[in-house]
Amino acid sequence: MKIYTFNINGIKARFETFTRWLEETKPDVVVLQEIKSVDENFPREHFEDMGYRVETHGQKGFNGVAIFSRLPLEDVVRGLPGDDEDQQSRWIEATVIGDKGAVRLAGLYLPNGNPAPGPKYDYKLAWMARMETHARSLLALEMPVIMAGDYNVIPQREDAAKPDAWTEDALFLPQTREAFRRILNPGFADAFRLRVQGPGHYSFWDYQAVAWERNNGIRIDHLLLSPQAQDLLIEVGIQREERGREKPSDHVPAWVELDL
DNA sequence: ATGTCGAGGATACCTCGA
C-alpha cells in the first residue's frame, strides 16, 4: 500500500494539475491539505468516477483537508480532538483496509504560525500540544498508524537549503522543533529519515524569489509512523519533479509504501 | 525581505494568508 501526502494549494486552482497527477501516480491513498473549498463545492464526483472514495473536511477560503482512497475507509473522524471552539479544518482521520491489514491514517495541516511571536504562533503551539495528546492516544491503539501532512515544521538544519534564513520563522523556531519532537518522542518516527540521510531533500519551494530555480527549498511535509507501521515500511520518497511541472503547487507529494 | 500565488469580496483592485 502506497500512501501519499500532498498540499495542493487549492482544489479549484489545481483541478487539472491534481487530476493529471492522480492519473499518472495512481496512489492507493492520498491525504490532501489546503483544499480551500467547502465540502458542498468540492468536485467529489469527478474523483469518485476515477475510482476513489473521497472524504473531505473543508472550510471557506482557507485550509481544508481530505482523504482519497481506492481501498475501503472506515471510522472517518473530522477535526483534531481537544478544542470544540476550534473552527479551522486541519485534521481528518480514517482507517484504511488493506489486503493484509488495516492502518489508522490521519491527514493534517498544521498551522503556519507566522508571524512569531503573536496570536498565530500561540495557536500553532497550542494546536501542536493538542496533537501531542491525540498522538499518544493513537499509539495506544497498538496498530499501524500514519500521521501525514503539511506540518509547517522544518525539523533540522539539513531540512532547509538556507537554514540561517529561517531562524526567526515559525517553521523553524526552537519552540516549534521542540514541540515536533514531543509529538514524535512517545514512539513515532519521521518515515523519510528512517531511510534517507543528509541535506538536499525538500518538499516545498516558495513561489517567490525564484526559490525553485535556485533550489531554495525546505522539507515540511512529513509522514510519521507508529512502531507497528515502522515494522511494515518498504520504501519512502518525495516527488521533487512535480514542482517543475505545469501550474504546480508550491508543495510536492511525499509518500511511504507499507507491506499492507 | 520578497521578484508569487490563491481565494473572496465587491470588482475591473484590494486584503488576507501563506
Side-chain angles (χ1 to χ4, degrees), chain A residues 5-21 31-44 46-47 56-66 80 86-91 107-128 131 148-155 159-173 175-177 179-180 202-222 238-254:
Chain A
T5 176
F6 193 179
N7 181 324
I8 57 172
N9 192 15
I11 188 59
K12 297 175 194 73
R14 219 64 58 208
F15 184 81
E16 286 83 13
T17 302
F18 176 63
T19 297
R20 187 265 307 151
W21 175 83
V31 294
L32 304 179
Q33 302 87 40
E34 287 203 88
I35 63 173
K36 296 185 178 179
S37 166
V38 293
D39 295 338
E40 308 84 79
N41 294 345
F42 193 89
R44 71 167 54 248
H46 168 78
F47 298 112
T56 61
H57 181 41
Q59 72 179 78
K60 191 165 153 186
F62 307 104
N63 307 325
V65 290
L80 177 64
D86 188 358
Q87 299 298 309
Q88 301 192 30
S89 296
R90 297 180 173 276
W91 186 277
L108 65 109
Y109 178 47
L110 204 147
N112 176 296
N114 281 304
K120 291 186 179 178
Y121 193 56
D122 295 341
Y123 175 69
K124 177 175 194 159
L125 292 178
W127 200 96
M128 292 181 85
M131 180 173 169
D150 176 358
Y151 278 72
N152 273 312
V153 174
I154 304 167
D159 296 310
K162 297 182 179 180
D164 292 337
W166 295 91
T167 51
E168 307 297 318
D169 194 283
L171 278 62
F172 194 55
L173 282 171
Q175 264 188 291
T176 303
R177 297 159 66 195
F180 182 70
Y202 312 127
S203 66
F204 169 91
W205 294 260
D206 203 306
Y207 286 126
Q208 296 183 70
V210 289
W212 168 244
E213 288 76 4
R214 293 177 185 172
N215 194 25
N216 179 14
I218 51 176
R219 194 176 68 89
I220 57 175
D221 297 272
H222 310 301
I238 298 175
Q239 288 182 306
R240 182 183 199 285
E241 66 280 4
E242 288 298 320
R243 189 61 175 80
R245 304 287 293 266
E246 181 107 359
K247 206 162 189 294
S249 170
D250 41 7
H251 296 251
V252 298

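A, B, ... follow the sequence lines: proteins, then strands. Residue 1 opens every chain.
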State which of B:dA18, B:dG6, B:dG3 makes the closest approach to the side chain of A:Val210. B:dG3
Among B:dG3, B:dG6, B:dT4, which nucleotide has an atom closest to any side-chain atom of A:Gln208? B:dT4
Between A:Glu34 and A:Gln59, which residue's closest nucleotide on DNA chain B lies nearer the 5′ terminus? A:Gln59
Between P on B:dT2 and CD on A:Glu213, what's the gap in Å once rounded to a whole number? 19 Å
Distance-only side-chain donor-acceptor flag, A:Asp86 / A:Tyr123, under 3.5 Å: yes
Base, sugar-phosphate, or nothing: which does A:Tyr109 touch, judged by heavy atoms less than 4.0 Å apart? sugar-phosphate
Gap between atoms CG and P, on A:Asn216 and B:dT4 respectively (whole Å): 15 Å
Any salt bridge between A:Glu242 and A:Arg20, counting N to O under 4.0 Å? yes
Quick one, which residues of residues 160-171 of chain A touch DNA chain B with a heavy atom under 4.0 Å? none
What integer number of Å spans the C1' atoms of B:dA1 and B:dC13? 24 Å
Within the structure shown, what part of the strands sits under 4.0 Å from A:Arg14 by heavy-atom distance: base, sugar-phosphate, or nothing? sugar-phosphate
Out of B:dG6, B:dG3, B:dA18, which nucleotide sits closest to the side chain of A:Lys120? B:dA18
Nearest-nucleotide check on DNA chain B, A:Pro248 vs A:Asn114; residue mapping nearer the 5' end is A:Pro248
Under the side chain to side chain contact (heavy atoms under 4.5 Å, CB included) test against A:Ile218, which residue among A:Asp169, A:Ile154, A:Asp159 passes? A:Ile154
Is the closest side-chain donor-acceptor distance between A:Asn215 and A:Trp205 under 3.5 Å? yes
Find the distance A:Arg90:CZ to B:dA18:C1' and express it as a whole number of Å. 10 Å
Counting heavy atoms from C-beta on, name the nucleotide in B:dG3, B:dG17, B:dT4 closest to the side chain of A:Tyr207. B:dT4
Side-chain N or O of A:Lys60 versus OP1/OP2 of B:dG9: is the shortest distance under 4.0 Å? yes
Select base, sugar-phosphate, or nothing to describe what A:Ala209 touches, counting heavy atoms under 4.0 Å on all strands. base
Using the C1' atoms only, state how far B:dA10 lies from B:dC16, rounded to an integer number of Å. 15 Å
Can A:Thr56 and A:Asp39 be counted as having a side-chain donor-acceptor contact under 3.5 angstrom? yes
Given the P atoms of B:dA7 and B:dG3, what is the spacing between them in whole Å? 22 Å
Please check the phosphate of B:dG6 (OP1 and OP2 only) for any side-chain N or O of A:Lys247 closer than 4.0 Å. yes
Under the criterion side chain to side chain contact (heavy atoms under 4.5 Å, CB included), which of A:Lys124, A:Gln33, A:Met128 is the partner of A:Asn152? A:Lys124
Has A:Glu213 got more than 12 heavy atoms of other residues, nucleotides or ligands less than 6.0 Å from its CD? yes
Tell me whether the side-chain N/O atoms of A:Lys12 come closer than 4.0 Å to OP1 or OP2 in B:dA7. no
